[in-house]
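Encoded as structure tokens, the structure appears first; notes follow it.
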Amino acid sequence: MQSPVQGTVARLTVRGLLGSRRGILLAVVPVLLLMMSAVAAATSGDKHDLTVTILGRLGLGTLVPLLGLVVGTGVIATEIDDGSIVYLLAKPLPRWRIVTTKLIVAVLTTWLFSAVPTLLGGLLLYGTRDGLAFALTLGTMVAGAAYSALFLLLGVASRNAVVIGLGYALIWESLIGNFVKGARTLSIQQWGLSVAKAVASSGSLTADVALGAAVPLLLVVTAAATVLASVKLAGLTLASED
């Protein structure tokens with residue numbers, strides 16, 4: 001059975017993702033989260049509320065989808081736009097291996113720049129009480145993986161991936177997903193919060209989506225986006241051959 005990761009593709013993807021101005025942009029998220037956490041930790045406000053607001057609402061609700069957009073589209077959309085994807089597609093590699101390799105790179109990068117600072121920020125703000133820092137970190141990880149898959153698909157499917165993704169991240173996830181109750185069922189952020197709620201102590205977090213719905217939805221979106229991205233990439237191959 002073939003490994004889902006192809007070493008050469010992974011190395012080239014990491015180099016293209018982090019070896020450019022995009023790498024500097026990615027660093028903004030952890031720096032911002034840690035700076036806000038440090039400032040909040042020095043205040044006299046309710047540390048539980050500050051932790052939930054900064055890491056739950058702002059971090060998971062706004063910064064993580066934006067980070068997922070930059071990473072998810074960045075691992076493949078740039079190659080498609082500049083035509084360099086042709087060299088990769090010319091290699092005797094199953095298209096699904098290209099997609100899964102790029103997805104794994106995207107997920108690990110998203111975790112590095114979002115889950116790690118979330119954990120550090122949570123410990124700085126609230127310590128290990130109620131398991132809140134660890135719960136929000138886990139919620140960030142599962143949501144980050146789903147965002148990575150969704151935006152990877154968008155990067156393959158559209159040349160306007162960043163514009164469409166920004167609309168989704170800022171309007172649906174940050175605005176509608178936070179303030180329109182009926183829409184929260186279809187919000188990756190809320191699915192991540194549901195997982196976090198299940199891990200944290202009782203009453204520490206609230207979520208509008210039941211865990212029994214959130215976990216299947218996370219799995220379905222991640223798997224479906226991966227499969228569709230593989231199909232779309234195969235279509236690009238056929239188009240180039242024609």
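If you read the sequence from its start, that first residue is 1, and numbering goes on from there.
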task: May I ask you to test the Y168-L150 pair for a side-chain heavy-atom distance under 4.5 Å?
output: yes
Distance col, row L66:CG vs Y147:OH, nearest 0.5 angstrom, shows 9.0 Å
Test side chain to side chain contact (heavy atoms under 4.5 Å, CB included), reference T51, set L205, D130, L136, output is L136
When you measure from the side chain of W111 to the backbone of M141, do you find a donor-acceptor pair of N or O atoms at a distance under 3.5 Å? yes
Residues passing the ring-ring contact (aromatic ring centres under 6.0 Å, His included) test with Y126, sequence neighbours excluded, are H48
Worked check of side-chain contact (heavy atoms from CB on, under 4.5 Å) between R95 and K232:
CA-CA 9 Å; R95 301 309 172 231; K232 292 294 293 183; over 6 Å; no
Only one of L170, I164, V163 passes side chain to side chain contact (heavy atoms under 4.5 Å, CB included) with L166, and that residue is L170
Do we see a donor-acceptor contact under 3.5 Å between the side chains of S114 and T140?
no
The reported gap from CG in L18 to CG in L112 (rounded to nearest 0.5 angstrom) is 8.0 Å
Rounding to 0.5 Å, atoms CG (L124) and CG (L119) come to a distance of 11.0 Å
| said: Checking the side chain of D46 only, and the main-chain atoms of D49 only, is there a donor and an acceptor separated by less than 3.5 Å? | reply: yes
The reported gap from CD1 in I76 to CD1 in I98 (rounded to nearest 0.5 angstrom) is 7.5 Å
- Task: Please answer: with hydrophobic residues joined when any side-chain heavy atoms are less than 4.5 Å apart, are L153 and I85 in the same cluster?
- Result: no
Walk me through it: do L138 and F134 pass the test side-chain contact (heavy atoms from CB on, under 4.5 Å)?
CA-CA 6 Å; L138 180 59; F134 300 102; over 6 Å; no
Closest non-hydrogen atoms of S230 and W96, given as atom of the first, atom of the second and distance, are OG-CA, 3.6 Å
Discussion item. Grouping I, L, V, M, F, W and Y whenever their side-chain heavy atoms are under 4.5 Å apart, do L67 and L193 come out in a common cluster?
Written reply: yes
Taking every heavy atom of A149 against every heavy atom of T226, the minimum-distance pair comes out as CB-OG1, 4.2 Å
Check: Taking E173 for the side chain and Q189 for the main chain, is one N or O donor matched with an acceptor at less than 3.5 Å?
Finding: yes
- request: Determine, using the 4.5 Å side-chain heavy-atom cutoff (strictly less than), whether L123 and M36 are members of one ILVMFWY cluster.
  value: no
For residues L25 and V14: do they belong to one hydrophobic cluster (side chain heavy atoms under 4.5 Å, members Ile, Leu, Val, Met, Phe, Trp, Tyr)?
yes
Here the gap from L154 atom CG to F151 atom CZ, rounded to the nearest 0.5 Å, amounts to 7.0 Å
Note: L152 and V99 closest approach over all heavy atoms is CD2-O, 3.8 Å
Correct closest heavy-atom pair for A198 and L211 would be CB-CD2, 3.7 Å
Q) Going by atom types only, do T185 and Q190 share a side-chain donor-acceptor pair under 3.5 Å? A) no
Answer yes or no: is there a donor N or O on one side and an acceptor on the other, between the side chain of T62 and the main chain of G59, under 3.5 Å?
no
Heavy-atom nearest pair, G68 first then T110, reads CA-OG1, 4.4 Å
Sorted by chain and residue number, the side chain to side chain donor-acceptor pair (under 3.5 Å) partners of T101 (sequence neighbours excluded) come out as none
Residues A146 and I188: closest non-hydrogen pair is CB-CG2, 4.0 Å
* Asked: Are E79 and L88 side-chain neighbours, meaning at least one heavy-atom pair lies under 4.5 Å?
  -> yes
*asked:* Has T222 got a side-chain atom pairing as donor or acceptor with L219's backbone, closer than 3.5 angstrom?
replied: no
| request: Show your reasoning for whether side-chain contact (heavy atoms from CB on, under 4.5 Å) applies to T53 and L58. | output: CA-CA 6 Å; T53 299; L58 176 62; 5.8 Å; no
Distance col, row S148:OG vs I104:CD1, nearest 0.5 angstrom, shows 11.5 Å
### Message
Assigning hydrophobic clusters by single linkage (Ile, Leu, Val, Met, Phe, Trp, Tyr; side-chain heavy-atom cutoff under 4.5 Å), is V156 placed with V231?
### Response
no
